[in-house]
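Everything on this sheet refers to the single structure shown next.
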Amino acid sequence: MTFLQKLFKGRNIIDIVAPMNGRSVDIAEVPDPTFSEKMIGDGVAIDPTDGIVVAPVTGEVAQVFPMGHAVGLRTPSGLELLVHIGLETVGLKGEGFTLHVKKGAQVEAGAPLLTFDLSLVRERAKAISPIVITNMERILRLEKLPFGDIQAGRSLLMKVEIKR
């Protein structure tokens, strides 16, 4: 066993990939204090370039918001993640959103979660989309990768070490 294998043996590290194409930014830049002040958790935000949203982790769909603007996921090790499309999008009352999953579904990282009309969201709400870890009390370490251009299902956004 190598030194690194010994160092990481027994650690529960989860990679969170980008759920959308676009540009990642610090969550502190989100123009909504619920997210920027980390009231529901820490994470990053994405300024999307299209309306396709994929699972950022492998796990269970723990919550599907009725208006189709957000999905909650839970990994087998207990990490809980919220993918929230845009800001003030609940006011669209589901218009422009198409869910591709239901609560309880098992998904692999990169699997389609939902699609949305990016033009409509930009016109009637804000497109900046927070990706938030909602159970920070379970997190030992959170590493946010460099912000910039990202590809859905491919680019690594964050690495998380979760308590066992």
Side-chain angles (χ1 to χ4, degrees), residues 4 7-8 11-59 61-63 65 68-75 77-90 92 96-101 107-136 138-162:
L4 285 177
L7 180 66
F8 290 104
R11 294 176 78 180
N12 196 356
I13 297 175
I14 300 166
D15 290 341
I16 300 172
V17 297
M20 295 173 253
N21 292 317
R23 182 165 181 76
S24 64
V25 298
D26 192 325
I27 199 158
E29 294 180 31
V30 174
D32 180 326
T34 301
F35 296 108
S36 63
E37 295 177 14
K38 303 176 186 176
M39 292 179 191
I40 59 172
D42 200 354
V44 301
I46 298 172
D47 185 10
T49 54
D50 63 34
I52 299 168
V53 182
V54 302
V57 293
T58 295
V61 176
Q63 187 172 15
F65 287 68
H69 69 288
V71 174
L73 300 165
R74 183 180 306 112
T75 68
S77 58
L79 176 72
E80 295 176 0
L81 197 63
L82 173 68
V83 179
H84 194 283
I85 310 308
L87 302 175
E88 302 164 14
T89 47
V90 73
L92 296 174
F97 292 91
T98 304
L99 287 165
H100 302 295
V101 293
V107 293
E108 296 289 324
L113 293 178
L114 64 96
T115 50
F116 67 99
D117 183 335
L118 180 58
S119 297
L120 179 71
V121 169
R122 286 196 193 285
E123 178 184 317
R124 297 185 28 208
K126 295 176 183 153
I128 191 83
S129 299
I131 314 306
V132 181
I133 298 166
T134 57
N135 61 339
M136 289 300 296
R138 299 270 328 267
I139 305 305
L140 290 172
R141 185 175 58 91
L142 169 60
E143 178 186 354
K144 299 176 189 180
L145 281 94
F147 301 120
D149 293 335
I150 53 169
Q151 291 184 315
R154 295 177 185 250
S155 302
L156 195 56
L157 279 185
M158 298 178 273
K159 287 180 99 48
V160 178
E161 184 176 1
I162 191 167

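The figures that follow rest on heavy atoms only: side chains count, while hydrogens, waters and symmetry mates do not.
From Thr75, atom OG1 reaches atom CD1 of Ile16 across 8.5 Å, with rounding to the nearest 0.5 Å. Distance check, rounded to the nearest 0.5 Å: CD of Glu37 to CG of Asp32 gives 9.0 Å. Taken from CG in Asp47 to CZ in Arg122, the straight-line distance is 5.0 Å, to the nearest 0.5 Å.
Annotation: side chain to side chain contact (heavy atoms under 4.5 Å, CB included) contacts of Glu80 (sequence neighbours excluded): Arg74, Thr134, Asn135. Residues satisfying the side-chain hydrogen bond (donor to acceptor under 3.5 Å, both in side chains) test with Gln151, not counting sequence neighbours, are none. Considering only residues two or more places apart in sequence or on other chains, Asp15 meets the side-chain hydrogen bond (donor to acceptor under 3.5 Å, both in side chains) condition with Lys159.
In this structure the side chain of Ser24 never reaches within 4.5 angstrom of the side chain of Leu145, judged on heavy atoms. Contact check for Ile128 versus Leu87: side-chain heavy atoms found under the 4.5 Å cut-off. Using a 4.5 Å cut-off on side-chain heavy atoms (C-beta onward), Pro56 and Val83 make contact. Between Leu82 and Gln63, every side-chain heavy-atom pair lies at or beyond the 4.5 Å cut-off. Between Leu79 and Ile139 the shortest side-chain heavy-atom distance falls below 4.5 Å. Residues Leu99 and Phe65 fail the side-chain proximity criterion, which asks for heavy atoms closer than 4.5 Å. Counting only heavy atoms from C-beta outward, the side chains of His84 and Thr89 approach each other to under 4.5 Å. Between Val44 and Asp26, the closest side-chain pair of non-hydrogen atoms is not below 4.5 Å.
In plain terms, the two heavy atoms of Gly51 and Leu118 that are nearest each other are N-CB, 4.5 Å. When all heavy atoms of Lys126 and Pro31 are compared, the pair lying nearest together is CD-CG, 4.2 Å. Of all the heavy atoms in Ile162 and Gly78, the pair that sits closest is CD1-C, 3.7 Å. Closest of all the heavy-atom pairs between Ser77 and Asn12 is CB-ND2, 2.9 Å. Nearest heavy-atom pair, Ile27 versus Pro130, reported as atom, atom and distance to 0.1 Å: CD1-CB, 4.5 Å. Between Ala55 and Val107, the shortest heavy-atom contact is CB-CG2, 3.9 Å.
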(request) Output, in order, the C-alpha distance, side-chain angles, deciding distance and verdict of side-chain contact (heavy atoms from CB on, under 4.5 Å) for Val71 and Val53. (result) CA-CA 10 Å; Val71 174; Val53 182; over 6 Å; no
(message) side-chain contact (heavy atoms from CB on, under 4.5 Å), that's the test. Do Ile133 and Asp42 meet it? Break it down for me.
(response) CA-CA 6 Å; Ile133 298 166; Asp42 200 354; 5.7 Å; no
(message) What verdict does the side-chain contact (heavy atoms from CB on, under 4.5 Å) test give for Ile131 and Met20, after you've listed the backbone C-alpha separation in whole Å, the side-chain angles of each residue and the deciding distance to 0.1 Å?
(response) CA-CA 10 Å; Ile131 314 306; Met20 295 173 253; 4.0 Å; yes
(request) Step by step, work out the side-chain contact (heavy atoms from CB on, under 4.5 Å) result for Leu157 and Ile46. (result) CA-CA 10 Å; Leu157 279 185; Ile46 298 172; 4.1 Å; yes
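The main-chain N or O of Ala127 is found under 3.5 Å from a side-chain atom of Ser129 such that the two form a donor-acceptor pair. A donor-acceptor pair under 3.5 Å is absent between the side-chain atoms of Thr115 and the main chain of Ile52, judged by distance alone.
Aromatic ring orientation, His69 versus Phe97: perpendicular (interplanar angle above 60°, classes split at 30° and 60°).
For Glu108, the CD atom is loosely surrounded, since the number of other residues' heavy atoms within 6.0 Å does not exceed 12.
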